[in-house]
Structures are given as structure tokens and as C-alpha cells.
Protein chains: 2
Amino acid sequence: MATGRTHRPATRSRGIPEATVARLPLYLRALTALSERSVPTVSSEELAAAAGVNSAKLRKDFSYLGSYGTRGVGYDVEYLVYQISRELGLTQDWPVVIVGIGNLGAALANYGGFASRGFRVAALIDADPAMAGKPVAGIAVQHTDELESIITGNGVSIGVIATPAGAAQQVCDRLVAAGVTSILNFAPTVLSVPEGVDVRKVDLSIELQILAFHEQRKAGEGERVALPIEGGDLEPSPGGSRGTEGERVALPIEGGAQAGPMARAGQDTGAAAGGRQQGPDGDVPAVMPA
Amino acid sequence: MATGRTHRPATRSRGIPEATVARLPLYLRALTALSERSVPTVSSEELAAAAGVNSAKLRKDFSYLGSYGTRGVGYDVEYLVYQISRELGLTQDWPVVIVGIGNLGAALANYGGFASRGFRVAALIDADPAMAGKPVAGIAVQHTDELESIITGNGVSIGVIATPAGAAQQVCDRLVAAGVTSILNFAPTVLSVPEGVDVRKVDLSIELQILAFHEQRKAGEGERVALPIEGGDLEPSPGGSRGTEGERVALPIEGGAQAGPMARAGQDTGAAAGGRQQGPDGDVPAVMPA
DNA sequence: CCATCTTTGTGCACGCGTTCACAAAGACAT
DNA sequence: ATGTCTTTGTGAACGCGTGCACAAAGATGG
Ligand SMILES: NC(=O)c1ccc[n+]([C@@H]2O[C@H](COP(=O)([O-])OP(=O)(O)OC[C@H]3O[C@@H](n4cnc5c(N)ncnc54)[C@H](O)[C@@H]3O)[C@@H](O)[C@H]2O)c1
Ligand SMILES: NC(=O)c1ccc[n+]([C@@H]2O[C@H](COP(=O)([O-])OP(=O)(O)OC[C@H]3O[C@@H](n4cnc5c(N)ncnc54)[C@H](O)[C@@H]3O)[C@@H](O)[C@H]2O)c1
């Protein structure tokens, strides 16, 4: 079920790099803050610091939008806010629907930042009949039966999925069929969508796991104090495991009855726990493209 | 997004690529599903499809962990689940605290997937005195005054921030000072943290803006058929930019006023598709999780 | 034991993204 | 005008991540 495509054809030539697009909102936020303080201009250095990025990167990002700065001075805050907003398509109104009004969906509906920048919650949809009509964040929840009419009726092109994982794909299909072409998915599932539909995913579980990885690495580093070289000290190495079936560690996992959550495999598996190799740190997108 | 900051001589050659680490949870989820269905083995092709990635990429990812597959057969599901879990550090228990039990914080606390994979909500913390003692998701909310003792007392190294943007940095500082070295931030702010601390950010607003960008582009593409060139048009050219003052639009703003971001350490933005930036690597001794 | 078929593991090339470093543009002072 | 100073915009180098293509490992069948 390969999810949708990831990159666009060649039409990209004139486009703005994805990495840059992902940072524009960040710049916009920093600029908005400056705007509120009536700061007239900012240098790439200052703005970069506020946005938490490298100034060269910021300048290059802006260069994709055009030459909006003034050498020797910096960038006009108001003007840049406008340009970025326009580039991101925030100068128009985007009706959004949230499907699955449970814990998360309700929280999202109540989120103020939602409507603050061109996004408007057009409707809240849930499959639970008991929820129908019930107001959440000032908006009456509507039943899934009306999903299609809501989408087409309001010209919604962005949908947020906050249903259980099991219902996500189904909801996704209906949204797409009704005309939605951009989806923000909170359910822990890989959504399959036709070409032309963008899917971005927010997965708390994955974020935590990535943090755990680094956390473990940090801890491991501390223990290996006495280790001389950092190069070749793996452990019951991969290469070695080859050849001998019997060498495979006895899995602490319960044979085939393990249902539910993954087995919390035996704690530190002997050698394993020891020094983990360290890896680059840095990061990865919290959200991934479809 | 996440940690970024100073970066270091990327000489850490023995590590697993960040991009790979970010995908491991995805593979793990797919594998867990297979495991529940008692599927004994999977080929890279099948698993890749389930995880929504390219099979070659998957094989390369696994190759960083070791040679855990069998040519002509595929990978042993149970064994791989164990190996990935161990690599991600999920074979141990990670106590986590959530700070800011509002709409979002409460939803997070109620999220089951949280505890399903080695993560345990050790405590819920909020500054509102009225919340103290109140049970959320079966756990009594504790007041911020106890933040430090909770962290040290439970050996917490991972913290989740779900407070308003204005309080995020302050909360972050306290968490870090108390010993937390990994933070998942939901507040729309750039957090400044000392070296060695990882920060990952989940920002709904940014996700929507990115979707809006693509959405606008899709719409524009269809209309622009008749338009001439797309290079430099629609806009006041660089030099003459000053002329179109009147066109500027006042934009609605979102909270998130940030004080002096004088931070030395910058943070990155997670981008989307392509490559990620590499980051620093924490040298600061981490706190050993219990 | 050999032949054939399947699937892994990876060398390699390519493209994107990041960062450095600097020429040039413009502001400002004289 | 001319000189100096500040800051942009970007060419170029580099490193990472991706995906192709294929040799080799191992299973399977004769
Ligand atoms: N709560 C969190 O913090 C959190 C974090 C990360 C991911 N998630 C994911 O987000 C999703 C929602 O989480 P939650 O805690 O809000 O769950 P929840 O059970 O509280 O809410 C799910 C809601 O979806 C509705 N629903 C079910 N099937 C539906 C369908 N076919 N169409 C429309 N609505 C439907 C249910 O009636 C319910 O109201 C889950 O997939 C969860 O894994 C939640
Ligand atoms: N709700 C969402 O869907 C959503 C989505 C994206 C981002 N966010 C962000 O997440 C954060 C929380 O959102 P929310 O909707 O839950 O807000 P909320 O106002 O409902 O909850 C905030 C909670 O934080 C507590 N708090 C305030 N200052 C604190 C402090 N110094 N220490 C500890 N607790 C403190 C408050 O008492 C309150 O309970 C905000 O920054 C918001 O921008 C929310």
C-alpha cells in the first residue's frame, strides 16, 4: 500500500524546496512576533536566531521567494510577513474539517491557533451517533453520514483525521472521494491515497521512540567511559551472527501468543545493553510526508 | 525539528542515520501487526509496502542494524521486532511526565498508545492549583511546585510540554535543570536548550500551513495554464518592492510571543521529504533513567 | 551434489539540503 | 561624489539520503 507519492515530477524546477516550505511557517511566526512589537526591520542574523536556524539557511530560503531584503539593512518585517503569508497561501481562507471528535479531536477543535492563520474549522465529524449535535468548541458535531455533503458543500480541501487507527483509511478514502486533497493524519497508520493528495502525519508514538533512541544512546555513552576507540566496538555483532542459526539469541518474546503491545523484551539483554554505538544526533522531521 | 544546535564534526561514523532511526518505529509498528497475526517471516518487499516505504530503503535501513534477514526467505518477524525494539531502547521502561494538562495535555494523558511501547506516564503536572489532585486518565495531577522532585524522584528523562507557548521555555528550563534530557514540545515556540538535550516539536499550525502551501499550488497549477511565465511576475520586483505598500495585508496573529530568544543554541525545523540535517551529538552526560 | 529460483545486502550514482565564504548592493557619513 | 561599513544574495563544496541494479547467499528441487 505504498502511500502516495513523495515527490513531484520535474515541475519542481521553479518551485520552492520542501525543506524551505517547512521552515516558512517558523519564520512567519517569528516575524509576527516582531511585528507585534512594531519592529520595522530585522537582519537575517536576528531573525535566524529567533527562528532557531542558521542565518545562511534563512537567507537562502528567502532567496527562493525573491529579493525582499535590503543590503546593509535587513528585511522589512511587515513586508516579509505578507510575502510569506502569500506564498503559503494564508491570505485566503481554508475551511477544514476534523473527523473523529474524541480526546484528541476535541482538543484540536478547541485549539485557538487553528483558526488564527487562515484556517477555519468548517465542521466536526464523528461516527458516534451520541455525539451528533453535541457542541464541541462551539460547533455542533455532525454525523459521518453527512461527511460528503459537508465537504462538497463547504468546498473543504483540507481534512484532519483523529479517529482510531482502524477507521483512518476508511475515513481517508471518503474524504478523498468527496474532494479533500490534503490530509493531516493523527492516527498511527500509513494512509494510502491516490496521486495528487498530500498526507502529513503526526505521530506521538514515533516521536517518543525517536527520543528514546537518543536517550538510550546518551546513557550508553556515559558508560563507555573507559572505552578507547569508538570505531569498532560493536557487540554481538551482526556479521558474526551470520551462518549459525543457533547463534540467534533466544527471543524473550513469548512465542506466538503475544498479542497486544509489543513484548517488552527482556530488559538489558546481556551484551546488548552495554555500549551502544553512538550515532549522529540531529533530527528528523516530526512529521513525514506521505 | 528537533534538536539541532551546534553541530559537530560528524565523525560519528558508527551510528545509525537519523533518517533510518525515524523510520524504525514505522517498521516496528508494521512488524508488530504481522506478529499479532502470527506471520513468521516477511520479505523486504512486503514489509516495505506495509510501512509505506521503498523496499531498497528498508533493506538498507536494516543493514545498519545488522544482517538479520535470510536471503531467499526474508526476515523473521519476531526476531526483527526484538532487534528494533532493542535498538530504539524500548526494551526498557521510560517514565515520562506531561506538563500542562489542558485540552491537549489531557488528550495525551488519555492516549493509550503512550504506554503501549515502553513509555509510562509517571506524572501529570499543571500550574493551575485547581487542577492539583484532580485525576486525569487515572492519574492525579500534581502542581508545578513538585516538578523537580517528581523528575528526580522518578528518574524521568523524557518530558512532554503541552503548556501555552508563553510558559514553554520556562517549563523547559525547569525540566532540564531537574534532569530531563529529551523533550517533546507541543507549544508553538522555539525552545532553547543546552547542548545534550534533545527537543522534538509537534506543531499543528505548521503542518497545516505546509498543507496549505501545496493546496494553493495545486489550485494554482490548474488555473495558471494561461499565465505566462511563473518566474518573476505577480510581484513587485525586488527593487521596486517598496512601491506596493498599500497591498500589504494585516494578518491575524497567533499567540506565542517570545521573549528574548537570545539562545545560543538554535533548533532546527524538521523538514519534510528529503534529507535531514545532521545534528550535533550530545556530549553532556545524560541522566540515567531508572 | 548441482541447478534454479528467491531475496537479501550493498556499491554506486544522483539529487537535495546545508553551510561557507565572499562579491556586490545599498545605507550612511564626509 | 567618494569611501566605509553593513548585510544581503548566491556560487560552490560537501555530506546525507534515496533508489537502482546486481552479485551473492541461501532455499528448494531434482
Ligand atoms: N490522544 C492523543 O494524544 C493521541 C496522540 C497521538 C495519536 N493519537 C491518535 O489519534 C486518534 C484519536 O485519538 P483519541 O485519543 O482522540 O481517541 P478517541 O477514542 O478518544 O476518539 C476517537 C473518536 O473517533 C470517532 N470515530 C471512530 N470511528 C470513526 C469513523 N469511522 N468516522 C468518524 N469518527 C470515528 C469515535 O467516535 C471517537 O469519538 C487515534 O488514532 C490515536 O491513536 C491520539
Ligand atoms: N489543543 C491542540 O490541539 C493543540 C494543537 C497544537 C498545539 N497546541 C499547543 O499546545 C499547548 C496546549 O494547548 P491546550 O489547548 O491544551 O491549551 P490549554 O490552555 O487547554 O492548556 C494549557 C494548560 O497548561 C497549564 N499551564 C499554564 N502554564 C503552565 C506552567 N507554567 N506550568 C505548567 N502548566 C501550565 C494550564 O493550567 C492549562 O491547564 C499550547 O501551547 C497550544 O498552542 C495545542
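Predicted, not measured: the structure shown is a model, and the values here were computed from it. The sequence lines fix the lettering, A, B, ..., with proteins before strands; numbering per chain opens at 1.
When the nearest nucleotides of DNA chain D are assigned to A:V73 and A:Y64 by heavy-atom distance, the more 5′-ward of the two goes with A:V73. Each of A:R59 and B:R59 has a nearest nucleotide on DNA chain D; the 5'-most of these lies closest to A:R59.
Taken to the nearest 0.5 Å, the OH atom of A:Y64 stands 10.0 Å off from the CD1 atom of A:I16. Taken to the nearest 0.5 Å, the CG atom of A:L211 stands 11.5 Å off from the CG atom of B:L88. One finds the CD atom of A:E87 at 10.5 Å from the OG1 atom of A:T20 (value rounded to the nearest 0.5 Å).
For A:K60 and C:dT19, a side-chain-to-base donor-acceptor distance below 3.5 Å is present, hydrogens and geometry of angles not being considered.
Side-chain N or O atoms of B:S35 include none that pairs as donor or acceptor with a backbone N or O of B:L31 at under 3.5 Å. Distance alone, capped at 3.5 Å, is enough to place a donor-acceptor pair between the A:E46 side chain and the A:S43 backbone.
Note: CG (A:L58) to P (C:dG17) measures 16 Å, nearest angstrom. One interatomic measurement links the two molecules: CZ of B:F62 to P of C:dT8, which rounds to 10 Å at whole-angstrom precision. Between the P atom of D:dT10 and the CG atom of A:D61 lies a distance of 13 Å, rounded to the nearest Å. In this structure, A:E18 places its CD atom 12 Å from C1' of C:dG17, rounding to the nearest Å. For A:D76 and C:dG26, the CG to P distance is 16 Å, given to the nearest whole Å. Between A:E46 atom CD and D:dT6 atom P there is a gap of 14 Å when expressed in whole angstrom units. Here the P atom of nucleotide D:dT6 and the CD atom of A:E45 are 14 Å apart, to the nearest Å.
One end of the helix from C:dC1-D:dG30 to C:dT30-D:dA1 points its axis 10° away from the other end's axis, with each axis taken from 5 pairs and the angle rounded to 10°.
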Are there any protein N/O atoms within less than 3.5 Å of an N/O atom in nucleotides 23-25 of chain C, and if so, which ones and at what distance?
from	atom 1	to	atom 2	distance (Å)
C:dA24	N3	A:R71	NH1	3.1
C:dA25	O4'	A:R71	NE	3.4

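Closest to the B:R23 side chain, of the nucleotides C:dA27, C:dG9, D:dT18, is D:dT18.
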Exercise. Applying side-chain hydrogen bond (donor to acceptor under 3.5 Å, both in side chains), run through A:Q209 and A:S205 and close with a yes or a no.
Key: CA-CA 6 Å; A:Q209 288 176 49; A:S205 181; 3.0 Å; yes

Exercise. For B:T189 and B:Q169, run side-chain hydrogen bond (donor to acceptor under 3.5 Å, both in side chains): C-alpha distance rounded to whole Å, both residues' side-chain angles, the deciding distance at 0.1 Å, then the answer.
Key: CA-CA 8 Å; B:T189 320; B:Q169 183 61 62; over 6 Å; no

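A:F62 is linked by a ring-ring contact (aromatic ring centres under 6.0 Å, His included) to A:Y27, A:Y75, counting only residues two or more places apart in sequence or in another chain.
Contacts of B:Y75 with the nucleic acid, taken as non-hydrogen atoms under 4.0 Å apart, involve only primed sugar atoms and P, OP1 or OP2.
Residue A:S44 places none of its side-chain N or O atoms closer than 4.0 Å to OP1 or OP2 of D:dT7. Side-chain nitrogen and oxygen atoms of B:K57 include at least one within less than 4.0 Å of the OP1 or OP2 phosphate oxygen of D:dT18. Put simply, B:N54 has no side-chain N or O that comes within less than 4.0 Å of OP1 or OP2 on D:dG17.
The pair B:D198-A:R217 does not meet the salt-bridge criterion, since no charged nitrogen lies less than 4.0 angstrom from a carboxylate oxygen.
Judged purely by distance below 3.5 Å, without hydrogens or angles, the side chains of A:T91 and A:R86 never pair a donor atom with an acceptor atom.
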